[in-house]
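Structure record follows, encoded as structure tokens.
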Number of protein chains: 2
Amino acid sequence: MEKKKTSPNISKNFMNHNHELCVESSLKDFKQHFIEKELKLTPLRLKVFQLLLKDHRPLGAYQILDLLRKDGFSSTPPIAYRVLDFLIEHGFVHKIKKLNAFVACSHPGNSHSPTFMICRKCEKVAEINEKESGLKFNKETSSEFKIEEAIIEFIGICKNCIKLEVI
Amino acid sequence: MEKKKTSPNISKNFMNHNHELCVESSLKDFKQHFIEKELKLTPLRLKVFQLLLKDHRPLGAYQILDLLRKDGFSSTPPIAYRVLDFLIEHGFVHKIKKLNAFVACSHPGNSHSPTFMICRKCEKVAEINEKESGLKFNKETSSEFKIEEAIIEFIGICKNCIKLEVI
DNA sequence: TAAGTCAATGTTATATTATAACATTACTAC
DNA sequence: GTAGTAATGTTATAATATAACATTGACTTA
């Protein structure tokens, strides 16, 4: 079977895909980064990341706490927020401001300023990196303000949900 | 005196400027839009907008409530949130997600998807519109996802604060 | 191996941001 | 003047997040 290198698969998260493979690959990456960066991969950190890999839908901190509780973990707010802070700090997770919720990062390891597309219908989220988004701002802006961090979130409707609406 | 039409004055909010004139002009615009759209300009709505015009710094809802209290207005949370919702709905105010805070709109009346620049040093905020920002995302992205709303916030350091740092 | 250290997790309490639900007021239209 | 309605007032509580301190457990090192 030939491996196709098509244009960046921006909307994979919204469409049917082999999600088992998707999770497996993300998890492998995740673990590899812990090794490379000499971070401590604890059961709690792994668990939270796995929860966030479930289905490309962001989870709120208190949703995560509920899920942790079900799995026998301690589940007071600081537990979730601390692990999330850690995972965010090391680029494994992002916070979606629009939703006050958290998603697993799709491009871990790369320092990047992610752009999100958030489907208001299926509530899934896709992350695209700077190259994929094609986002550019003009020189003038740059000379006026030194940008250190960017929050870019597009809310709308995904390819799959558009398709379903038309039917 | 000649009126110069220079390139968009993106960073005015960050620099010294005639702020009295700035406020006066915003306020005039504000009132004009109420007339044109046949909205009811109540003391509370006017007051909240004036508070937000103070100095290009966003205010949190509870800060606004404190200020309202000092001015003899009622000041329980729904008071602020309702007025803010109204002002946002009609394009007079925006919420800065990064700060959970609110700013007066610089381009009222135009339906637009604003981009914000937030200085982490002086905490002032400037709003730039789509044209000024030069933000573009590529065709492919557009075909994959129908964007209805965008949240774009740049955090960094403004021209004025850079200048002060260097000294 | 006992004592010290430190990162991670556990716990209690509370801060911050936001909304639901219902009551009152005050203006408009008839 | 009263019915209808938009705006404001009030009480209570939901949802999100952090501060501060306690405990655990793995690792070090003497």
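Computed from heavy atoms alone, side chains included, the values below leave out hydrogens, waters and symmetry copies. Naming convention: chains lettered A, B, ... in sequence-line order (proteins, then strands); numbering from 1 in each chain. These numbers come from a predicted model, not from an experiment.
In this structure, the CZ atom of A:R82 is 9 Å from the C1' atom of C:dT11, given to the nearest Å. The CZ atom of A:F73 sits 9 Å away from the P atom of C:dG10 (whole-angstrom rounding). For the pair B:D66 CG and C:dT17 C1', the interatomic distance rounds to 14 Å; values are reported in whole Å. In this entry the distance linking NZ of B:K95 with P of C:dA18 reads 4 Å, nearest Å. B:Y81 places its OH atom 14 Å from the C1' atom of D:dT13, with the value rounded to the nearest Å.
Between A:C22 and A:K12 there is a side-chain heavy-atom pair separated by less than 4.5 Å.
One can find a donor-acceptor pair under 3.5 Å joining the base of C:dA18 and the side-chain atoms of B:Y62.
Both B:K40 and A:F102 sit near DNA chain D, but only B:K40 has its closest nucleotide nearer the 5' end.
Applying the 4.0 Å criterion to OP1 and OP2 of D:dA17, one finds that A:N100 has a side-chain N or O inside that range. Side-chain nitrogen and oxygen atoms of A:T42 include at least one within less than 4.0 Å of the OP1 or OP2 phosphate oxygen of C:dT9. Dashed line: the shortest gap from a side-chain N or O of A:K97 to OP1 or OP2 of D:dT16 is not under 4.0 Å.
If you check every strand for non-hydrogen atoms under 4.0 Å, B:S74 touches sugar and phosphate atoms only. B:F86 comes within contact range of no nucleotide atom at all, as no heavy-atom separation falls under 4.0 Å. Here A:R45 lies in heavy-atom contact (under 4.0 Å) with sugar-phosphate atoms only.
Between the side chain of B:E153 and the backbone N or O of B:K98 there is at least one donor-acceptor pair closer than 3.5 Å.
A salt bridge does not link B:D55 with B:K124: every distance from a Lys NZ or Arg NE/NH1/NH2 to an Asp or Glu carboxylate oxygen is 4.0 Å or more.
With distances taken from any side-chain atom of A:P77 to the nucleotides D:dG9, C:dT9, D:dT18, the minimum falls on D:dT18.
Aromatic pair B:F154/A:F145: centroids not less than 6.0 angstrom apart.
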